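Take a look at the structure set out below.
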Amino acid sequence: MVEAVMRAQSYAISMEHDMSRVFGCDRGGMAGKVNSDFIRRNSLAAVLMTCGYIYGLVDDLGKRTIENFIEETSFYWEMNLDELLSFETSSKTVGIATVEIAYDNGKEAVIDITDKFSKICDLINN
């Protein structure tokens, strides 16, 4: 359990660094939302607020890139990082429903999605 929490926190810290770059602030900036603890629990909110900010600063190609990223990954951001990382395979029973992801496991999903998020953050130079 501790290892899983540390893995999730590690990915959240990576996202925090990307967000810090985008917003030009330190940890805790943007009303406390540039914070790995917030990001780990509220990944969707963190990603959408960052993408929304970048969206207003980029050209049409950048806007399409952001829209594609959000459409492609929105299903995954509805889970927090801990939940997504708990997928040991491409499917998991949650309550009475079986949830399928398009990756071999949650770790693969998180790595791919956070890499894509980092590239979105690279669309602007702060």
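Since this is a predicted model, take the numbers as computed values, not measurements.
The 12-atom threshold is not exceeded at CD of E88, counting heavy atoms of other residues, nucleotides or ligands nearer than 6.0 Å. Around NZ of K63, the count of heavy atoms belonging to other residues, nucleotides or ligands within 6.0 Å exceeds 12. With a 6.0 Å radius and a threshold of 12 heavy atoms from other residues, nucleotides or ligands, D59 has its CG atom above the threshold.
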Derivation of the side-chain hydrogen bond (donor to acceptor under 3.5 Å, both in side chains) call for S90 and D104
CA-CA 5 Å; S90 63; D104 290 336; over 6 Å; no
Please evaluate residues D112 and K116 with respect to the criterion salt bridge (Lys or Arg N to Asp or Glu O under 4.0 Å), reporting the C-alpha separation (whole Å), side-chain torsions for both, the decisive distance (0.1 Å), and the verdict.
CA-CA 6 Å; D112 182 55; K116 289 176 180 173; 3.0 Å; yes
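A salt bridge between R7 and D82 is absent, with no side-chain N of the basic residue lying under 4.0 Å from a carboxylate O of the acidic one.
If you look at Y103 and F87, their ring centroids are not closer than 6.0 Å.
Defined by atom type and a distance below 3.5 Å, a donor-acceptor pair is missing between the side-chain atoms of T89 and N105.
Listed by chain and number, the residues in a side-chain contact (heavy atoms from CB on, under 4.5 Å) with R41 are D37 (sequence neighbours excluded).
Looking only at side-chain heavy atoms (C-beta outward), M19 and M49 come within less than 4.5 Å of each other. Taking the side chain as every heavy atom from C-beta outward, L44 and Y76 never approach each other to under 4.5 Å. The shortest distance between side-chain heavy atoms of V99 and F75 falls below 4.5 Å.
Proximity of a side-chain donor or acceptor of S20 to a complementary backbone N or O of E16 within less than 3.5 Å is detected.
I39 and I70 fall within the same hydrophobic cluster, defined by Ile, Leu, Val, Met, Phe, Trp and Tyr side-chain heavy atoms under 4.5 Å apart, directly or through other members.
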